[in-house]
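Presented below is the structure to which this report refers.
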Amino acid sequence: MAQLGAERVLNSIPEGLLIAAFAWLVLRVVGRQSAGTRFAVWFVALLAIAALPFIPSLSGSGNVTQACIPGSHCQRRGES
């Protein structure tokens with residue numbers, strides 16, 4: 001379970017960087033804005049980055065890894 005969590009966090013780093021770069025670009029394109037506007041843009045970016053490990057991968061095949069409890073009847077990836 002810890003391995004799955006660490007994998008999701010590490011796999012969300014590129015998407016998080018893209019979200020941060022997009023927020024920065026938006027603020028540069030729209031020009032000088034009030035502190036409230038800048039706060040709102042960065043806060044939404046922060047929330048989006050924090051949510052990334054909990055949503056399916058945007059760049060992968062969309063398959064969500066299923067955790068199998070030993071002795072259960074679920075099949076692991078690659079097993080028939």
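Here the structure is a predicted model, which is why all the values come from computation and not from measurement.
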(message) If the condition is ring-ring contact (aromatic ring centres under 6.0 Å, His included), which residues does Phe39 pass it with, not counting sequence neighbours?
(response) Phe43

(message) Apply the hydrophobic cluster definition, ILVMFWY joined by side-chain contacts under 4.5 Å directly or through others, and give me every member besides Leu17.
(response) Leu10, Ile13

(request) Run through the side-chain heavy atoms of Ile, Leu, Val, Met, Phe, Trp and Tyr, join any pair under 4.5 Å, and report what else lands in Trp42's cluster. (result) Trp24, Leu25, Leu27, Val29, Val41

(message) For residues 27-37, which residue pairs pass the side-chain hydrogen bond (donor to acceptor under 3.5 Å, both in side chains) check, not counting sequence neighbours?
(response) Ser34-Thr37

(request) Go through the structure and list residues passing side chain to side chain contact (heavy atoms under 4.5 Å, CB included) with Ile19, not counting sequence neighbours. (result) Ala45, Ala48, Ile49, Leu52

